[in-house]
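Each remark here refers to the structure printed beneath this line.
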Amino acid sequence: MRNLRSADMVCGACIGLLGLAVVVAAMNIPALMGERLPSKALPMLCGVLTAAGGFLLAIKAYRYDGEEIPVEWPDRGGWISLGVTMGGLIAYVALIELLGLPVASMLFVIGLVRYLGMGLMAGVATGLGTAVSIYLMIHYLALSFPLGVLGS
Amino acid sequence: MFFSVDLLMQGFGAALSPENLLWAFVGCFVGTLVGVLPGIGPSSGIAILLPLTTFLPPTPAIIMLAAIYYGAMYGGSTTAIVVNIPGEASSVPTALDGYEMAKQGRAGAALAISAISSFVAGTVSLLGLTFFAPTLASFALYFGPPEYFALMIMGLSLVVSLAGKALLKGLVSAILGLTASLIGQNPLTGACRLTFGCEDLMAGVNFISVIIGLFALGEVFCNVEQKVTYILDNRKIEWMPKWVDVYRCRWVMLRSSVIGFFMGLLPGCSPAVTTFVAYDLEKRLSKTPERFGRGAIEGVAAPEGANNATSSGGFVPLLAFGLPTGPALAVLLGGLMMYGLQPGPLLFQSNPSFVWAIIASMYVGNVICLVLNLPLVGMWARISLIPFPILGPLILVFSVIGAYSIRFMLFDVWVTLVFGVVGYLMRKMKIPMAPMVLASVLAQMLETSLSQSLLISRGSWSVFFTRPIACVFMALAIGSIVRGLWVQYKTGGPEALADGDD
């Protein structure tokens, strides 16, 4: 996967397999009486086209003999930063209903701002500002966002 | 028919009264803010703020709601240009060139041309609304499901152009977008499909989640990985476009106004479709199409003009027939009915002072939006000067809020995260994202209109070629695909593995 050719081969094969899975799932869609366009028709068509497109992409890449184009994957540090950010984001979304949007957002912002290299004060100020803005928006516009520990 | 100069002048008299001016200004300002926030579009904005207008009499209340609507259309391009985060599907074509301009230090110029183009298009389409509303409104009535299906096919044919040199990747991207949109329930029969046994997937994949994930999250992930200090390398910002840029865009603005206005008359034809059409047309007409996707100012002027013209055009069937062309106008229709006003031909006769005050206020509102937005260009452009370690987390938080506010379901946020990863991988593998967005926006109407057309024609596919308007759109779609393939064949040789357009 270091160059675009091998990345396209792997990506094409994965998309092709996804297309086959869609075809199998589409075959299980029950037909309904009086349908002019069967319920399974479009999903089936999309599945077939996805599979065909994916495998064609893989084959085209396999047969490609032009200049090698590198894929700019991150270095080890980059992968770690990406992993921490994604992990933090998943934790943030998972905690929204429990802690509420303002508090969860505040903790996420403070943590990520600090991790990405800013000082503690900058992190806390940004996090607090975010939480207060979100709380005021929810409160004054009567939006249905979870408030968690700050209320119902 | 319904137009008279006296009534229009009376309308201006009412629209320019201090009270109505104030509410138009408040609406434009709030609308611009609503437009700037990713995910919170005009429909949510109007729906949220509708209860706040109940203390006002009908005319200022509707003036304010209409101002929120087109104010949001003005503001929608801001984040697309400055940080490559289109909050709405209609801002995706703007992001393609707007963000490239921002990277070249021309964020201010891109924002300003977007405001100017929006103003020109808004004014041109208001002229259409003023003079031809009832006549043009009947145009919408010629459109049945076969015409819509043909129009959607024409929209999908733009994928060939949007894919650039990586045609196969563009097509795969579009098919993946279509497939993702089929997840959930069949819009006509309610039959469940492609959920793989997961009940949450029955809610379906909303295209706003796709856009926020692909663009906002994908962009942040790429910046995090590279440990950037600022989102833009070039920290010198050009605040205003050069006069020559505005002059170069004069026909672009007019063409996109006309396209946007006429397509805006059609119920269901959202600004997302018209902006892609206008962008593609300008790319095809340009003598230097290779500049598109690399910071062409016409690539910002065209979609922004079409976007605003579509939103103004939508008022024609709304006021003349009570027919909302999109979700935001449906909420506005609700607002009108809340005040006991039933839009339709009778409204022009029974309540002319109200109708013409609203129309006149839209001219005034357009000026307010321009005056409001040009000085704000500097402020919005400065967003890119915020250090990325602060801006990145804020973008993620607003993306989560935007995704959650689509249907107030956490499921949409998880879908956004998944598409964030997809967007990151698509960037790495040089797979164009615009075709996926276009396909996911068009998918539902494509499927619904196809099913309805086949019901009408008792299963005959010839319906798309025997009805004149549908046949014209089909011919245009086929022509567009053939032309795209021909251009690629002539210019390309073997298809490139990658293209830098996205």
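Numbers restart at 1 for each chain; the letters A, B, ... are given by sequence-line order, proteins then strands. Keep in mind the model is a prediction, meaning the values are calculated, not measured.
- Of the listed residues (A:G117, A:G54, A:A52, A:A94), the greatest number of heavy-atom pairs within a distance under 4.5 Å of chain B belongs to A:A94.
- Neither the backbone nor the side chain of A:Y115 comes within contact range of chain B; no heavy atoms are under 4.5 Å apart.
- Within the model, atoms CH2 of A:W73 and CG of A:L82 stand 10.0 Å from one another, a figure rounded to the nearest 0.5 Å.
- The aromatic rings of B:Y404 and B:F408 stand perpendicular to each other, their planes meeting at an angle above 60°, with 30° marking the opposite boundary.
- Neither the backbone nor the side chain of B:L188 comes within contact range of chain A; no heavy atoms are under 4.5 Å apart.
- For the pairing with A:V23, the side chain to side chain contact (heavy atoms under 4.5 Å, CB included) check across A:T50, A:L18, A:L45, A:V48 returns one residue only, A:V48.
- Interface summary for chain B: among A:S39, A:P30, A:G19, A:A41, the most heavy-atom pairs under 4.5 angstrom belong to A:S39.
- If you measure heavy-atom distances from B:V224 to chain A, the contacts under 4.5 Å come from both the backbone and the side chain.
- Between the CG atom of B:L442 and the CZ atom of B:F149 there is a distance of 11.0 Å, given to the nearest 0.5 Å.
- Proximity to chain B is limited to the side chain of A:T130, based on heavy atoms less than 4.5 angstrom apart.
- Side-chain atoms of B:Y424 and B:E219 form no donor-acceptor pair, as typed in the model, at a separation below 3.5 Å.
- Between B:L201 and B:L194 the shortest side-chain heavy-atom distance does not fall below 4.5 Å.
- Considering only heavy-atom pairs separated by less than 4.5 Å from chain B, the leading option among A:V93, A:I90, A:L101 is A:V93.
- The candidate with the highest count of non-hydrogen atom pairs below 4.5 Å against chain B, out of A:G53, A:P43, A:S105, is A:P43.
- Side-chain contact between B:I431 and A:C11 is present, with heavy atoms from C-beta onward closer than 4.5 Å.
- Only the side chain of B:K227 comes within less than 4.5 Å of a heavy atom in chain A; its backbone stays farther off.
- Proximity to chain A is absent for every atom of B:L171, based on heavy atoms less than 4.5 angstrom apart.
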